[in-house]
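Below is one structure, written out as structure tokens, with a few remarks after it.
As the structure is a computational prediction, the values presented were derived from the model and not from experiment. Quick note: residue numbers are just sequence positions, from 1.
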Amino acid sequence: SGTVTVTDSSMSANQASKGGALYVNSGTLTLIASTLARNVALADGGAIFNLTRVVLTQSRVTENSANVNGAGVYNQGLITSATSTFQLNNATREGGAVYNAGTLTMTQSAIIQNRAGAGGGGLRNGNSAALFLENSTVGDNSTDGSGGGIHNTGAVDARFVTIYENLASTGGMDIFNQPAAGKSFNVFATIVARPSSNNRIVCSGAPLAAASPGYNLISDSSCGLAAATALIQLHDLTPGKADSPPYYMPVAVQNNPVL
């Protein structure tokens with residue numbers, strides 16, 4: 001029990017069965033302005049395997065790998081991420097950046113250029129999990145399975161989020177949504193956009209749910225919401241695309257908070 005705070009540090013090139021760099025099974029771990037890079041998990045959690053609580057602030061989780069799930073993070077507890085980036089992580093099965101089986105809150109964070117073999121190129125949100133996204137980007141992730149950006153079977157609440165340019169081989173370029181009973185994928189002032197290079201649908205599975213009045217921009221009707229009348233080129237609005245945070249979508253133009 002207790003709290004450990006790590007600031008301005010780097011943990012790289014470590015290997016473990018679970019949690020290549022960090023295995024958190026008690027207390028609270030806080031990482032500030034730190035980097036977790038090129039760590040390897042033989043099972044889950046390439047960089048972090050969390051059973052209790054982790055707080056990430058202004059940190060980078062990059063180029064980690066997991067032979068099973070969650071190349072960046074495998075979470076069974078509580079994780080809060082603020083102004084942090086998850087990039088270029090690779091999971092053999094699900095959750096290129098994060099496999100969430102607990103509660104995950106991400107604000108002003110980026111999940112970009114991650115990959116998973118079986119599903120959830122960016123994020124895999126499990127049956128009993130809760131995912132809260134705000135002012136964040138999920139982009140340019142890929143999977144050989146379903147849900148290039150997010151594969152969800154739990155509960156998701158996304159507000160002021162950009163989900164775009166993700167790729168999936170078997171369904172849901174950006175989102176695969178099949179929530180467990182009593183759960184839903186809620187979106188507000190959120191953009192969901194197909195890869196500009198093809199016409200494949202952005203969502204697969206159950207419809208998303210929009211808070212009224214919604215203010216969402218969706219590139220087609222596959223998400224179960226009204227299609228946008230004009231889709232902006234999101235990749236032109238993301239500075240650097242893969243450099244440093246923040247990767248926030250533009251908001252508050254005229255009467256639509258998305259634009």
Side-chain angles (χ1 to χ4, degrees), residues 12-15 18-21 35-49 59-75 79 81 84-101 104 106 109-126 129 131 133 136-153 161-177 192-198 200-204 234-235 238 240-245 247:
S12 61
N14 300 289
Q15 180 174 300
K18 294 181 178 182
T35 298
L36 303 174
R38 300 182 303 282
N39 300 289
V40 177
L42 301 179
D44 302 316
I48 301 173
F49 188 98
S59 293
R60 294 180 65 86
V61 180
T62 182
E63 297 183 83
N64 302 284
S65 62
N67 287 347
V68 186
N69 299 315
V73 174
Y74 188 98
N75 177 47
I79 290 183
S81 168
S84 294
T85 299
F86 298 75
Q87 182 180 11
L88 294 172
N89 302 287
N90 193 326
T92 300
R93 290 206 47 78
E94 297 184 308
V98 180
Y99 189 105
N100 182 39
L104 172 63
M106 306 188 82
S109 293
I111 296 174
I112 53 173
Q113 297 180 314
N114 302 283
R115 178 167 176 77
L123 279 159
R124 174 67 165 97
N125 196 53
L131 171 63
L133 296 170
S136 295
T137 293
V138 180
D140 209 15
N141 304 286
S142 62
T143 180
D144 294 328
S146 56
I150 300 173
H151 183 128
N152 174 57
T153 53
V161 175
T162 298
I163 306 170
Y164 80 109
E165 291 281 350
N166 299 287
L167 294 171
S169 296
T170 62
M173 302 293 278
D174 286 318
I175 297 170
F176 178 85
N177 182 45
V192 184
R194 72 166 63 93
S196 55
S197 59
N198 64 60
R200 298 177 66 181
I201 62 175
V202 297
C203 290
S204 181
L234 299 175
H235 55 278
T238 304
K241 194 173 184 180
D243 294 330
S244 58
Y247 302 94

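The distance from the CG atom of Asn89 to the CZ atom of Arg115 is 13.5 Å, given to the nearest 0.5 Å. Between the CZ atom in Phe176 and the CG atom in Asn125 there is a gap of 13.0 Å [rounded to 0.5 Å]. Taken from CG in Asn152 to OG in Ser146, the straight-line distance is 11.0 Å, to the nearest 0.5 Å. In this structure, CG on Asn67 lies 12.0 Å from CZ on Arg93, to the nearest 0.5 angstrom. Note that NE2 of His151 and CD1 of Ile175 are 12.0 Å apart. Values are rounded to the nearest 0.5 Å. Between atom CG of residue Asn64 and atom CZ of residue Arg38 there is a gap of 9.0 Å, rounded to the nearest 0.5 Å.
Of all the heavy atoms in Ala21 and Leu36, the pair that sits closest is CB-CD2, 4.4 Å. The two residues Ala168 and Gly145 come nearest to each other via the heavy atoms CB-O, 3.6 Å. Across Ser81 and Ser109, no two heavy atoms sit closer than the pair OG-OG, 3.0 Å. Residues Ala41 and Gly20 come closest through the heavy atom pair CB-N, 4.2 Å. Gly70 and Ala91 make their closest contact through N-CB, 4.0 Å (heavy atoms, listed as atom of the first residue, atom of the second, distance). Of all heavy-atom pairs between Gly171 and Ser204, the closest is C-CB, 3.9 Å.
When atom types are taken as modelled, the side chain of Asp140 and the backbone of Gln113 share no donor-acceptor pair closer than 3.5 angstrom. A donor-acceptor contact shorter than 3.5 Å is absent between the side chain of Ser65 and the backbone of Val40. Asn69 contributes a side-chain N or O that, together with a main-chain N or O of Glu94, makes up a donor-acceptor pair within less than 3.5 Å.
Partner of Met173 under the side-chain contact (heavy atoms from CB on, under 4.5 Å) criterion, chosen from Ile163, Leu167, Ile201: Leu167. Of the options Thr143, Asn141, Asn114, a side chain to side chain donor-acceptor pair (under 3.5 Å) to Asn166 is made by Asn141 and by none of the others. For the pairing with Val161, the side-chain contact (heavy atoms from CB on, under 4.5 Å) check across Thr137, Ile150, Leu133 returns one residue only, Leu133.
The shortest side-chain heavy-atom distance between Val98 and Ile79 does not fall under the 4.5 Å cut-off.
Between Tyr99 and Tyr74, the ring planes are parallel. Angles under 30° get that label, and only those over 60° would be called perpendicular.
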